[in-house]
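Lettering follows sequence order; numbering is per chain, from 1.
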Amino acid sequence: MVLQAYKPGADEPRAEDIRLGLTASRKVGGAVVRNRARRRLRALAREVLPRHGARGCDYVLVARGDTATRPWPDLVEDIEAALRRLGHWR
RNA sequence: CCAGACGGCUGGACGGCCGCUGUUCGCAGCUCUUCGCGAGAUCGGUUGCGGAUGGAGGAAAGUCCGGGCUCCACGGGAACGCGGUGCCGGGUAACGCCCGGCGGGGGCGACCCCAGGGACAGUGCCACAGAAAGCAUACCGCCGGCCCCGGGCGCGCGAGCGUCCGGCCGGUAAGGGUGAAACGGUGCGGUAAGAGCGCACCGCGCGCUCGGCAACGAGGGCGGCACGGCAAACCCCACCGGGAGCAAGACCAAAUAGGGGCGACACGCCGGGCCUAGGCCCGGCACGCGGGUUCCCGCGCCGUCGCCCGGGUCGGUCGCGCGAGGCGCCCGGUAACGGGCGUCCCAGAGGAAUGGUCGUCCCCGCCCUUAAAGGCGGGACAGAACCCGGCUUACAGGCCGUCUGGCAAA
RNA sequence: CGGAGCGUGGCGCAGUCUGGUAGCGCACUUGCAUGGGGUGCAAGGGGUCGUGGGUUCAAAUCCCGCCGCUCCGA
């Protein structure tokens with residue numbers, strides 16, 4: 001998947017919570033496939049982001065072609081690698 | 001047993017962990033209505049926790065029809081226009097849907113397919129080929145005549161005769177060969193050659209009788225062939241249709257900007273005059289409002305602050321699921337369907353929930369194996385957005401029933 | 001939710017209304033011309049007309065279903 005992050009500046013009001021956005025475009029597949037991809041991404045974010053994501057950050061997860069069918073452990077590795085590349089891992 | 005036709009049902013099962021959401025009950029916090037001096041009680045809302053319970057489909061899809069519902073328009077109705085439908089009867093709230101029947105076509109059969117009204121209301125088209133493509137005609141032929149005509153050949157001494165080719169007049173439409181389609185087809189008679197010219201059968205047309213509610217069918221009679229196809233070409237006839245769509249529509253209602261009213265401070269630009277600064281007066285111009293047709297008259301005048309009023313936007317609430325509802329039994333009907341009784345409550349999201357993950361079983365394929373065990377991969381089409389009745393399209397696998405053809409056995 | 005348009009050689013488009021012959025430009029191939037290339041001249045190849053049915057003697061064209069793409073309105 002694609003992981004996008006937005007870190008608010010010091011002058012902006014900053015919440016403690018992590019805010020999440022999900023995207024599954026028509027390119028990914030039909031309505032069923034898009035729904036499934038979005039749900040898997042939501043479950044993935046619930047599992048990983050509160051523990052390892054940066055506090056007060058906004059994240060957007062974008063589904064790609066095989067998000068609905070990729071094995072679950074691979075998906076977990078993907079998001080963890082993405083967080084490390086952003087320097088948000090903790 | 002094999003092959004096939006039709007109709008119906010189903011659309012993986014169980015469990016562990018972690019989640020989302022509707023309803024309802026309990027507790028707690030906040031808020032609010034009413035009562036009370038007060039403690040508090042009470043109606044409702046909202047948030048959190050806990051318990052109970054519900055949570056995608058047969059097509060939820062495509063958005064091709066028909067309705068409910070809501071708003072808009074309209075005095076009633078009709079006509080014109082536009083769009084749609086099109087054998088007959090029935091079902092239904094309605095339909096372009098469904099059922100039954102008729103006609104045509106396909107299949108040995110079960111059965112399947114068909115927009116299937118009108119071509120004497122009119123207009124139009126039928127390429128190429130062919131003589132001719134729609135009112136009918138006559139190119140090649142075939143037949144007869146020529147005392148009138150031209151030419152060739154043969155016979156004859158000769159007038160002439162015979163024959164062939166051509167011309168002219170008349171009869172004919174059987175044959176030609178094209179084409180998707182040719183003014184009926186086959187056979188017999190008939191004739192100079194032919195022709196529905198006559199006859200039989202078939203086809204066609206028009207009455208009659210009988211059966212059927214009807215579409216239509218059956219029988220018999222007459223006509224003697226005249227009436228080609230295309231209306232999913234224009235069109236004619238009959239019937240149907242007001243428009244938009246839940247982002248319909250109703251209600252509550254921020255911040256900011258803007259509108260109106262009241263009050264306070266305050267009074268646009270140019271020229272001239274008065275006066276120490278700063279303001280005042282007169283005339284003109286610009287703007288707003290009101291009144292009588294261009295034009296004129298009257299009144300007001302920038303802005304700032306405070307209070308109040310109304311409209312829109314963000315947001316929120318409703319619409320929003322008891323319905324032409326599901327299931328079971330009985331009755332009527334060939335059936336679609338209708339009636340009665342009993343029983344059940346069955347998703348309601350909103351940048352959009354109904355799930356994520358793991359395990360066991362089931363089914364299918366591949367590998368290994370004599371087999372078992374085992375390993376790997378896969379489990380269809382597809383996701384509600386106001387609701388309902390249909391149509392169309394997609395769909396792995398499985399189950400049930402009825403029927404047809406063939407083979408075998410009894 | 002409602003509506004409109006498009007699909008034809010490799011590419012961009014005609015032809016569809018009014019049914020019988022699929023055409024144009026660029027590109028491609030071959031030859032000539034040039035020392036070579038470009039340009040020019042001549043000749044040539046290449047199209048299930050998106051798809052499945054139907055009407056018709058005959059369908060790119062008329063009718064119906066489906067697929068894909070684009071656009072518009074609320």
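- Between the A:R34 side chain and the A:A24 main chain, a donor and an acceptor come within less than 3.5 Å of each other.
- One finds the CG atom of A:L41 at 14.5 Å from the CZ atom of A:R46 (value rounded to the nearest 0.5 Å).
- Straight-line distance between the P atoms of C:rC26 and C:rG68: roughly 36 Å, to the nearest whole Å.
- The nucleotide C:rU56 finds no pairing partner, because no Watson-Crick or G-U wobble arrangement with both distances shorter than 3.5 Å includes it.
- Applying the 90° criterion around 0 to the glycosidic angle, B:rG207 comes out syn.
- Comparing the C1' positions of B:rG100 and B:rA78 gives an interatomic distance of 38 Å, to the nearest angstrom.
- In this structure B:rG390 sits in the anti conformation; its chi angle is more than 90° from 0.
- Rounded to a whole angstrom, the distance from the P atom of B:rG101 to that of B:rU393 is 25 Å.
- The distance from atom CZ of A:R46 to atom P of B:rG356 is 14 Å, rounded to the nearest whole Å.
- A syn base is found at B:rA56: its glycosidic angle is within 90° of 0.
- In terms of phosphate contacts, A:R40 brings a side-chain nitrogen or oxygen within less than 4.0 Å of OP1 or OP2 of B:rU357.
- Residues A:M1 and A:L44 are in side-chain contact: their nearest non-hydrogen atoms beyond the backbone lie under 4.5 Å apart.
- Checking B:rC318 for Watson-Crick or G-U wobble geometry (two distances, each under 3.5 Å) identifies B:rG249 as its partner.
- Between B:rC236 and B:rA182, the two C1' atoms lie 30 Å apart (nearest whole Å).
- The A:V32 side chain lies nearest to B:rA382 when the options are B:rC18, B:rA382, B:rU357.
- As rounded to the nearest Å, B:rG11 and B:rG16 have C1' atoms that lie 26 Å from one another.
- Following rounding to the nearest Å, A:R34 (CZ) and B:rU354 (P) show an atom-to-atom distance of 15 Å.
- Within the 4.5 Å cutoff, the side chain of A:V28 has no heavy atoms near those of the A:T67 side chain.
- As a whole-Å value, the separation of A:E47 CD from B:rC358 C1' is 12 Å.
- Between A:L22 and A:A43, the residue anchored closer to the 5' end of RNA chain B is A:L22, taking for each the nucleotide with the nearest heavy atom.
- A straight line from CZ of A:R42 to C1' of B:rU21 spans 12 Å, rounded to a whole angstrom.
- Here B:rG350 is in the anti range [glycosidic angle more than 90° from 0].
- Ring planes of A:H88 and A:Y59: perpendicular class, angle over 60° (limits at 30 and 60°).
- Base pairing analysis places B:rG175 opposite B:rC140; the two distances defining the Watson-Crick or G-U wobble pair are each below 3.5 Å.
- Nucleotide B:rG48 has B:rC27 as its partner under the Watson-Crick or G-U criteria, with both atom distances under 3.5 Å.
- The 5' end of RNA chain B is approached more closely, in terms of each residue's nearest nucleotide, by A:R39 than by the other of A:R39 and A:P73.
- Straight-line distance between the P atoms of C:rC57 and B:rG105: roughly 16 Å, to the nearest whole Å.
- In this structure, B:rG273 shows a glycosidic angle more than 90 degrees from zero, which is the anti conformation.
- Residue A:L44 contributes atom CG, which lies 17 Å from atom C1' of B:rC20 at whole-angstrom precision.
- Of the C1' atoms belonging to B:rA286 and B:rG300, the separation is 14 Å, rounded to the nearest Å.
- Nucleic acid contact for A:R36: sugar-phosphate only, since backbone atoms but no base atoms lie under 4.0 Å from a heavy atom of the residue.
- Comparing the P positions of B:rA218 and B:rA238 gives a spacing of 32 Å, expressed to the nearest Å.
- Between A:R38 atom CZ and B:rU354 atom P there is a gap of 10 Å when expressed in whole angstrom units.
- Pair assignment for B:rG124: B:rC230, on the basis of Watson-Crick or G-U wobble contacts that are both within less than 3.5 Å.
- In this entry B:rG278 has no Watson-Crick or G-U wobble partner, no candidate having both defining distances under 3.5 Å.
- Residue A:L83 holds its CG atom at 11.5 Å from CZ of A:R85, rounded to the nearest 0.5 Å.
- Rounded to a whole Å, the CG atom of A:D58 is 18 Å from the P atom of B:rG351.
- Side-chain N or O atoms of A:R40 include one that pairs as donor or acceptor with a backbone N or O of A:A68 at under 3.5 Å.
- Using the Watson-Crick or G-U wobble rule with both distances under 3.5 Å, B:rG224 pairs with nothing in any strand shown.
- Paired with A:L61 under the rule side chain to side chain contact (heavy atoms under 4.5 Å, CB included), one option of A:T23, A:V2, A:I79 passes, and it is A:I79.
- Nucleotide C:rC13 has C:rG23 as its partner under the Watson-Crick or G-U criteria, with both atom distances under 3.5 Å.
- The interatomic distance linking A:N35 (CG) with B:rG351 (C1') rounds to 13 Å, in whole Å.
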